[in-house]
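The figures here come from the full heavy-atom set of this structure, side chains too, leaving out hydrogens, waters and symmetry mates. Throughout, protein chains are lettered first and strands after them, A, B, ... in sequence-line order, and every chain is numbered starting at 1.
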Amino acid sequence: MKAFIQIEHDAIQQQECVDAVRKHSSGAISVFIGTVRSATAGKTVKLLSFEAYEPMALKEMQKIADAASEKWPIDHVSIVHRVGELAIGEEAVVIAVSSPHRKEAFAACQFCIDTLKQTVPIWKKEVYEDGATWVAAHP
Amino acid sequence: MTSSRIILFGITREIVGQDELPMEVDGSSVAELKERLKGEYPDLGTLQYLAVAVNEEYANDDTIVHADDTIALIPPVSGG
């Protein structure tokens, strides 16, 4: 299993993520794209600011790819997360998983994003017209 | 005893007011470290959780930290 793991400071190169998982024996590539949305709990979001503990985030992302590979018979994995300031509609994260059959590709792709949201040291701050909030920091 | 520097991320950086916090940690457990930090910066106790990374790995409360370890505070993550 090859893992293409990156923290990206500019716009994510979606095609590069997908191309990185291509394999002749793959019958499926499942892609998840996480995008910045405009509203949360009634407040209008101006932009999102993402920061990462980069060396640890890369390690945790690699662990996720390895775990997915243990759980399902997949071919390759890409996990790319962007950091910095993102406007509404921009892509924060792209995950691609290739496998011989689609069932495993879907399942592994979901596992990767679900686990990333639990374990990878990346933080999102929502910036409004009149303030900002670190998402999920407080109960 | 040499002073370590605790790297601060996200909201912990705003709570403490610095990117890094010098602290004498040699021989303390992660649990003790967190108690000291919450004592000095009570707002750290209001977070959903506060994890600690030692040498870029999540540490348990009973992990002992040493002066040459890289220590970081990991507030609730929100990637993706």
Side-chain angles (χ1 to χ4, degrees), chain A residues 5-8 12 32-37 40 45 48-64 79-84 86 91-95 109-127 131-139, chain B residues 4-23 25 30-31 33-35 37-80:
Chain A
I5 307 290
Q6 262 191 8
I7 299 283
E8 175 60 71
I12 296 176
F32 173 81
I33 302 172
T35 51
V36 176
R37 54 182 163 128
T40 181
V45 176
L48 247 58
S49 179
F50 282 95
E51 79 176 61
Y53 181 11
E54 284 195 32
M56 186 177 171
L58 290 167
K59 284 184 181 174
E60 291 294 320
M61 285 153 71
Q62 179 68 51
K63 285 182 196 172
I64 291 170
I79 304 177
V80 178
H81 203 299
R82 190 164 165 197
V83 293
L86 273 69
E91 296 170 3
V93 60
V94 176
I95 296 175
C109 192
Q110 176 155 19
F111 167 83
C112 287
I113 182 61
D114 287 351
T115 310
L116 183 150
K117 289 168 87 66
Q118 300 286 315
T119 67
V120 176
I122 294 177
W123 297 272
K124 172 166 59 184
K125 187 174 183 179
E126 283 176 350
V127 179
T133 308
W134 288 99
V135 172
H138 292 100
Chain B
S4 301
R5 285 186 339 258
I6 302 177
I7 315 171
L8 301 168
F9 287 101
I11 197 170
T12 66
R13 194 180 53 253
E14 289 181 3
I15 289 170
V16 173
Q18 295 161 220
D19 288 349
E20 291 183 356
L21 185 59
M23 193 172 264
V25 302
V30 162
L33 182 67
K34 286 200 283 191
E35 281 314 297
L37 287 165
K38 288 177 187 178
E40 272 186 63
Y41 303 97
D43 282 348
L44 291 175
T46 67
L47 301 174
Q48 279 224 63
Y49 64 80
L50 184 64
V52 173
V54 176
N55 302 325
E56 301 166 1
E57 296 284 338
Y58 284 107
N60 298 319
D61 277 354
D62 49 10
T63 301
I64 303 296
V65 292
H66 305 289
D68 56 353
D69 285 330
T70 301
I71 306 167
L73 289 193
I74 311 287
V77 300
S78 47

Checklist entry - Where do B:Y49 and B:V77 land on the side chain to side chain contact (heavy atoms under 4.5 Å, CB included) test, with the steps shown first? => result CA-CA 10 Å; B:Y49 64 80; B:V77 300; 3.7 Å; yes
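- Residues B:L33 and B:M23 have side chains in contact (heavy-atom distance under 4.5 Å, counting atoms from C-beta outward).
- The contact between A:H138 and chain B is made by backbone and side chain atoms together, counting heavy-atom distances below 4.5 Å.
- At a 4.5 Å heavy-atom cutoff, the contact between A:Q118 and chain B is made by backbone atoms alone.
- Heavy-atom distances place the side chain of B:I7, and not its backbone, under 4.5 Å from chain A.
- Contacts between A:W134 and chain B at a heavy-atom distance below 4.5 Å involve the side chain alone, from C-beta outward.
- Applying the side chain to side chain donor-acceptor pair (under 3.5 Å) test to A:E51 and every residue at least two apart in sequence or in another chain returns B:R13.
- Using cut-offs of 30° and 60° on the angle between ring planes, the pair B:F9 and A:W123 is parallel.
- Rounded to the nearest 0.5 angstrom, B:L73 CG and B:L50 CG are separated by 5.0 Å.
- With a threshold of 4.5 angstrom between heavy atoms, A:V135 approaches chain B through its backbone and through its side chain.
- Only the backbone of A:A52 comes within contact range of chain B, with heavy atoms under 4.5 Å apart.
- With values rounded to the nearest 0.5 angstrom, A:I5 atom CD1 is found 8.0 Å from A:I64 atom CD1.
- For A:K117, the parts lying under 4.5 angstrom from a heavy atom of chain B are both the backbone and the side chain.
- B:E57 touches chain A through backbone and side chain together, each having a heavy atom under 4.5 Å away.
- Within the 4.5 angstrom heavy-atom criterion, atoms from both the backbone and the side chain of A:Y53 approach chain B.
- You'll find the side chain of B:I64 reaches within 4.5 Å of the side chain of B:H66, heavy atoms only.
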